[in-house]
Amino acid sequence: MNLSLSLLHALKAHGARELFGLPGDFVLPFFQQVEQSQVLPLYTLSHEPGVGFAADAAARFQGGGLGVAVVTYGAGALNMVNAVASSYAEKVPMVIISGAPAAHERRNGFLLHHQTRTLDSQLAIFREITCDQVVLNNAETAPAEIARVLRNCQAQSRPVYIELPRDMVAVPCEPVPRLPAPAHDADALQACVQELLARLARARNPVLLVGIEIRRFGVEDKVARLAKLLRVPVATTIMGRGLLAETDAPLLGTYLGVAGDPAITQAVEESDALLMLGVLVSDTNFGVSERKIDMRRGILALDGQVTMGYHVYPDIPLEALLDGLLECAQSLAPQAPEHKTARYPHELKADGAPIEPMDIARAVNDLMASHGRMPIVSDIGDCFFTALDIENTALLAPGYYATMGYGVPAGLGLQASSGERPIILVGDGAFQMTGWELGNCQRYGWDPIVIVFNNCGWEMLRTFQPTARYNDLSDWHFADAAPALGGDGYRAETREQLQQALQKALATRGKFQLIEAMLPRGALSATLARFVDGVRRLQSTTPT
Ligand SMILES: Cc1ncc(Cc2csc(CCOP(=O)(O)OP(=O)(O)O)c2C)c(N)n1
Ligand SMILES: [Mg+2]
């Protein structure tokens, strides 16, 4: 076996289902090994940010798997930095494989093409946005090094970086061993479980708040079982939206502070034992809290440790904690909490009125009510806030790192990896960045339904600077471009046209369906409007 095959078989053994990539001369030999070996399917896209977002989505959607992005050295890998930074921030287990110069090229004394400051600058840059790195320049040590970085990728649920010099791809190499998950101290785990359960038992209104790590580590079912066993209500953070959608956990809905359902806000903020599982303590999750949550009274299991008050239990993997709690937990209430199914807007009024963001939520909810749930992939813009008014279904969005450009390539990555047809929500500004990746659907038979929120502007920014003219964009008529890219385009000016377009799109398979929903400038979703008001109100009252 050669080094490429050892690497590919190891990726597959760790849960990778495919590779996303864009070739260049430093990585062509590895692409050749990929294509010839057929160990994993390879999908190429048109721009490295899209490659990164697609690999990110593949990892997020399958919970516990790996996304893989393969790029060339320099211009390719550095073009993907933002996507990898987003994966790091949002704890996505992604493997970046970059081709690199051969040993003899490093010694020839020339400045090499694609090189920036030094030949090791790229490695230095990726050290900042990955949890482990390796340069595979030694076939003897390669199996152990690959095993280490893949184990760390999954154990920490963060991206890792593998640099592959082009003269190493065909070198004989032993298979890569599978390392066990990092060990943890059973006694420390027991002590943590007992203290945590005692805190919950003493509480008057314990609440469970769940975040992205419960998907990343594939433990949603265990969390649902724990919530039912403890008989405590569950809410998700904004980043955790869509979690537990496939379970029967007593879900209250999504916690959005002043911008959300007051009952959920009150339950979370007034809880005297808020158990946060896999929750990033970020401004997007807690920035609009009505009342500042006293984290010292909370219990936070994140990044492999558990913090309760001033106690910190290090090296407690989330799944081990859940297993311990499931073994010892007793119900905390005489009966199960009232399972308030959150109400989402339905019954679009299909008339000649202009479209508002909430109409898109209604139209999608109506579609899912008749057709069944579909995964939603959202870009950043008002489309993300509108997504929060869509029924609780799988939602992929960089809600914390908040990079634009994610929606379309991530939707393609989801369909490539899972075979499920997504609905992609994207603003006109974000579509201008990566929407053109739709042109790759025809090669692979992908057929997402894409709804472009076309308000001809950077509307979210306008909410912060209403008078700025630079937020005005022109009308790009995206629907007209769809046939040239191999799909169908619909321009919807009214609610009736929106409903008709969605029905046609749903009925058409085998090519992407682009619905350009024309929104009046200044039309905001109610959720975004409440967020903006909330931020303004909190900023005006926060002592400087
Ligand atoms: C890669 C990147 N560059 C800039 C920005 C900053 C930004 C956040 S929201 C926004 C406007 C989005 O316009 P769009 O038309 O897509 O959506 P909408 O607001 O609903 O009209 C910008 C420019 C971010 N987040 N990411
Ligand atoms: Mg816009």
Side-chain angles (χ1 to χ4, degrees), residues 47-54 56-57 78-90 129 238-239 259 282-284 287 354-361 364 376-390 396-411 424-438 450-466 468-479 481 491-493 498 514-532 535:
H47 197 209
E48 284 85 0
V51 170
F53 292 141
D56 174 292
L78 299 186
N79 208 10
M80 199 166 65
V81 166
N82 178 56
V84 177
S86 174
S87 300
Y88 185 91
E90 305 215 359
I129 51 176
I238 187 170
M239 283 186 66
S282 65
D283 58 356
T284 36
I355 301 165
E356 299 273 338
M358 184 64 89
D359 295 320
I360 297 174
V364 171
I376 305 279
V377 181
S378 178
D379 215 299
I380 288 301
D382 199 9
C383 56
F384 173 64
F385 293 92
T386 303
L388 301 178
D389 285 315
I390 290 174
L396 270 62
Y400 159 50
Y401 183 76
T403 179
M404 287 161 70
Y406 183 83
V408 167
I424 298 170
L425 308 178
V426 56
D428 56 310
F431 191 93
Q432 291 175 13
M433 291 183 177
T434 58
W436 313 106
E437 293 287 0
L438 287 175
V450 184
I451 302 177
V452 181
F453 290 50
N454 192 354
N455 48 28
C456 300
W458 289 321
E459 213 52 43
M460 256 188 78
L461 299 189
R462 199 193 308 279
T463 61
F464 299 106
Q465 289 197 334
R469 288 193 310 281
Y470 54 69
N471 287 320
D472 298 347
L473 301 178
S474 58
D475 182 350
W476 283 34
H477 290 272
F478 301 104
R491 187 168 166 105
E493 311 263 2
L498 172 65
L514 188 154
I515 299 170
E516 185 177 20
M518 301 312 293
L519 301 169
R521 265 199 188 139
L524 287 188
S525 70
T527 307
L528 176 56
R530 286 198 303 270
F531 246 87
V532 173
V535 168

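Order of listing sets the numbers, starting from 1, for every ligand and every atom in it.
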Quiz item: Atoms of ligand 1 less than 4.0 Å from D428 heavy atoms?
Solution: 15 (O)

Quiz item: Has the side chain of E459 got a donor or acceptor atom that lies under 3.5 Å from a matching backbone atom of G522?
Solution: yes

Quiz item: Starting from atom 3 (N) of ligand 1, which protein heavy atom do you reach first, and at what distance in Å?
Solution: M433 CE, 3.8 Å

Quiz item: Do any of the N, O or S atoms of N455 sit under 2.8 Å from the Mg ion (ligand 2)?
Solution: yes

Quiz item: Quick one: which ligand 1 atoms are inside 4.0 Å of a heavy atom on T403?
Solution: 1 (C), 26 (N)

Self-check item: Contact check, G405 vs ligand 1, heavy-atom distance below 4.0 Å
Solution: no

Practice problem: For the residue pair H477 and N454, establish whether any side-chain heavy-atom pair is separated by less than 4.5 Å. | Solution: no

Exercise. Could you pull out, from E459, Q432, M404, the option with a heavy atom nearest to atom 7 (C) of ligand 1?
Key: M404

Quiz item: What's the shortest distance from atom 20 (O) of ligand 1 to any protein heavy atom, and which residue and atom give it?
Solution: D382 N, 2.8 Å

Quiz item: Would you call D475 and R491 a salt bridge, using N to O less than 4.0 angstrom?
Solution: yes

Exercise. Start with the C-alpha distance between L524 and M460, add both sets of side-chain angles, then the distance that settles side chain to side chain contact (heavy atoms under 4.5 Å, CB included), and finish with yes or no.
Key: CA-CA 8 Å; L524 287 188; M460 256 188 78; over 6 Å; no

Quiz prompt | Side-chain donor/acceptor of T386 to backbone N/O of D382, under 3.5 Å | solution = yes

Quiz item: Can you check whether G457 has an N/O within less than 3.5 Å of an N/O in ligand 1?
Solution: yes

Quiz item: How far is atom 9 (S) of ligand 1 from its nearest protein heavy atom, and which residue and atom is that?
Solution: M460 CB, 3.9 Å

Quiz item: At what distance is the nearest protein heavy atom to atom 16 (O) of ligand 1, and which residue and atom is it?
Solution: A430 N, 2.9 Å

Self-check item: E90 (side chain) donor-acceptor with Y400 (main chain) under 3.5 angstrom
Solution: yes

Quiz item: Would you say the side chain of V450 lies within less than 4.5 Å of the side chain of V426, judging by non-hydrogen atoms?
Solution: yes

Quiz item: Closest heavy-atom contact between V408 and E437?
Solution: CG1-CB, 4.2 Å

Quiz item: Are the aromatic rings of F431 and W436 close, with centres under 6.0 Å apart?
Solution: yes

Quiz prompt | Contacting atoms of ligand 1, where contact means under 4.0 angstrom from a heavy atom of N455 | solution = 18 (P), 20 (O), 21 (O)

Quiz item: Restricting to N, O or S atoms of D428, which is nearest to the Mg ion (ligand 2)?
Solution: OD1

Exercise. Considering only non-hydrogen protein atoms, determine which one is nearest to atom 14 (P) of ligand 1 and report residue, atom name and distance to 0.1 Å.
Key: G429 N, 3.5 Å

Quiz item: In the protein, what heavy atom is nearest to atom 17 (O) of ligand 1, and what distance, to one decimal place, separates them?
Solution: G381 CA, 3.8 Å

Practice problem: Among all protein heavy atoms, pick the one closest to atom 13 (O) of ligand 1 and tell me residue, atom and distance. | Solution: W458 CD1, 3.3 Å

Self-check item: CA sep, side-chain torsions, deciding dist, call: I360, I451, side chain to side chain contact (heavy atoms under 4.5 Å, CB included)
Solution: CA-CA 9 Å; I360 297 174; I451 302 177; 4.1 Å; yes

Quiz item: Considering only protein heavy atoms, which is closest to atom 25 (N) of ligand 1, and at what distance to one decimal place?
Solution: A402 O, 2.9 Å

Quiz item: Does the shortest distance from the Mg ion (ligand 2) to an N/O/S atom of G457 fall below 2.8 Å?
Solution: yes

Quiz item: Counting only heavy atoms, which portion of N82 has something under 4.0 Å from ligand 1: side chain, backbone, both, or neither?
Solution: neither

Quiz item: Under 3.5 Å, is there a donor-acceptor pair between the side chain of D379 and the main chain of G405?
Solution: yes

